[in-house]
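Chain A is the first sequence line, chain B the second, and so forth, proteins listed ahead of strands; every chain is numbered from 1.
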2 protein chains.
Amino acid sequence: MELQDVILGFMDWKQLTGYELKSFFSELDFLPWAGNNNQIYTALLKLEREGLVEKETVPQEKLPPQKRYRATGRGKERLKCAVLQPAEAISVRNDFLLHLAWSDGLSTEEIERLVDGYQKTIEVELAMCREKMRRGGPVRGRSRREEYVWSMILQNREALLRAELNWLIRLRNGLANK
Amino acid sequence: MELQDVILGFMDWKQLTGYELKSFFSELDFLPWAGNNNQIYTALLKLEREGLVEKETVPQEKLPPQKRYRATGRGKERLKCAVLQPAEAISVRNDFLLHLAWSDGLSTEEIERLVDGYQKTIEVELAMCREKMRRGGPVRGRSRREEYVWSMILQNREALLRAELNWLIRLRNGLANK
DNA sequence: TTAACCATGTAAAAAGTTACATGATTGT
DNA sequence: ACAATCATGTAACTTTTTACATGGTTAA
């Protein structure tokens, strides 16, 4: 599923401007990529050219006019088609593993500092993730099922971060016994 | 930590050709990016220009000559410096969450099929990951500690995949009760 | 004879990041 | 005075993917 389909999802759910879209992307951290102007505004132009979204320009007194988009019938069709496609497996980018892989030249203290620093980083991420869950996330569901699904989406990141933290603690104990 | 440092890590550990490097990248799935010719051969040229690796060209009878590289003193310094840098938090790309996010237009059967398909995908990944752990992975450690560290690297992926699978099973149960 | 392995590289395109550019409003 | 929010976009750059290009060896 590519960026355009994600945008279509939002536009099907609610009429939005590029700016609002951007703020959803930055708040929702299961799309860490795709939060910048370049991608959003060019994708919007392309979607419009292809007739998958329609634009409504709302003039404002003192600010530049808003361009509010919503998905068209064809846009909804394309979205459903994309959603039904089989999903790819998660792909994880783990910088810490690269450091660990070549840590043989490090002293015990140096490697401990590295592990400590990374553990702190993950704990901070977990705290932020839980704070977001507590606040409930920016998206309100249209149905009971959608409400549930969005809560599970927020929990997904927590589950992975917790797994990472548990693994880290095992690593720390293992290293202490070497 | 960028690709060049990862390559330096390999070249410090062992003298290697670009081709061998490539096969390590494809076997080790904690670097899902960075397995293609373009990146590897251009990075190698750059590392050589900067004096971080040294090349030894070994002619072969019937195959093109091998170019075997190893890290230089300056290369090892740069590697250590990169390893000591603080590591970034994991970044997870989860296509399934995007499908789930916009699944409101799907029927119960359609969403079940989607979940089933993804579960199968993750189970296959887990099986492959465990098979790799059983075979021990391609890298032999230089020390007890390095041996341990590499086994933990292999376990990291298993831990995350298992967390994903557990989350999926919770999701499935939750959906059944809606 | 078809595919996989060995071995090197280059070209072109797609995806993603960072910075630039404008400019009013509101809060500290 | 400075930063943040609202609101649009473009330019330059880096990273990553896919395909092209060559050509011998080995095993099914």
Worksheet item: Are A/Glu147 and A/Arg144 close enough that some pair of their side-chain heavy atoms sits under 4.5 Å apart?
Response: no
Item to complete: Mind checking side-chain contact (heavy atoms from CB on, under 4.5 Å) for B/Glu112 and listing every partner two or more places apart, or none if nothing turns up?
Response: B/Thr108
Response to the item:
Whether each nucleotide of nucleotides 17-28 of chain D has a protein heavy atom under 4.0 Å at its base (B), only at its sugar-phosphate (S) or at neither (-) is summarised, 5' to 3', as BB----BSS---
Practice prompt. Just grab all the ring pair (Phe, Tyr, Trp, His ring centres under 6.0 Å) pairs involving residues 37-63 of chain B, residues at least two apart or on different chains.
Written response: none
Fill in: Partners meeting side chain to side chain donor-acceptor pair (under 3.5 Å) with B/Glu50 (sequence neighbours left out)
none
Fill in: Residue pair A/Asp29 / A/Glu125, side-chain heavy-atom distance below 4.5 Å
no
Practice prompt. Figure out the CD1/P separation between A/Ile40 and D/dT8, and round it to whole Å.
Written response: 10 Å
Fill in: Below 4.0 Å: OP1/OP2 of C/dT8 and any side-chain N or O of B/Gln66
no
Discussion item. A side-chain contact here means heavy atoms from C-beta on lying under 4.5 Å apart; do B/Cys129 and B/Leu161 qualify?
Written reply: yes
Discussion item. Without decimals, in angstroms, what is the distance between A/Leu45 CG and D/dA11 P?
Written reply: 13 Å
Item to complete: Let me know the distance between CG of B/Leu3 and C1' of D/dT14, rounded to the nearest Å.
Response: 13 Å
Fill in: Rounded distance in Å - OH (B/Tyr69) to P (C/dT8)
7 Å
Discussion item. Among residues 11-30 of chain B, which ones have heavy-atom contacts with DNA chain C below 4.0 Å?
Written reply: B/Thr17, B/Gly18, B/Tyr19
Discussion item. Contact between B/Gln39 and B/Trp33 at the side-chain level, heavy atoms closer than 4.5 Å - yes or no?
Written reply: yes
Discussion item. Just the rounded figure in Å: distance from C1' of C/dG23 to CD of A/Gln60.
Written reply: 13 Å
Fill in: Comparing B/Arg93 and B/Arg68 on DNA chain C - which has the more 5′ nearest nucleotide
B/Arg68
Item to complete: May I have the distance from B/Leu44 (atom CG) to C/dG9 (atom C1'), rounded to whole angstrom?
Response: 11 Å
Worksheet item: Do any pairs count as a ring pair (Phe, Tyr, Trp, His ring centres under 6.0 Å) and have a residue in residues 102-131 of chain A, sequence neighbours left out, and if so which ones?
Response: A/Phe96-A/Tyr118, A/Trp102-B/Phe10, A/Trp102-B/Trp150
Item to complete: Run through A/Leu47, A/Leu44, A/Val53, A/Leu79 and flag the one making a side chain to side chain contact (heavy atoms under 4.5 Å, CB included) with A/Gln4.
Response: A/Leu47
Item to complete: Provide, to the nearest angstrom, the distance between the CG atom belonging to A/Leu47 and the C1' atom belonging to D/dG9.
Response: 16 Å
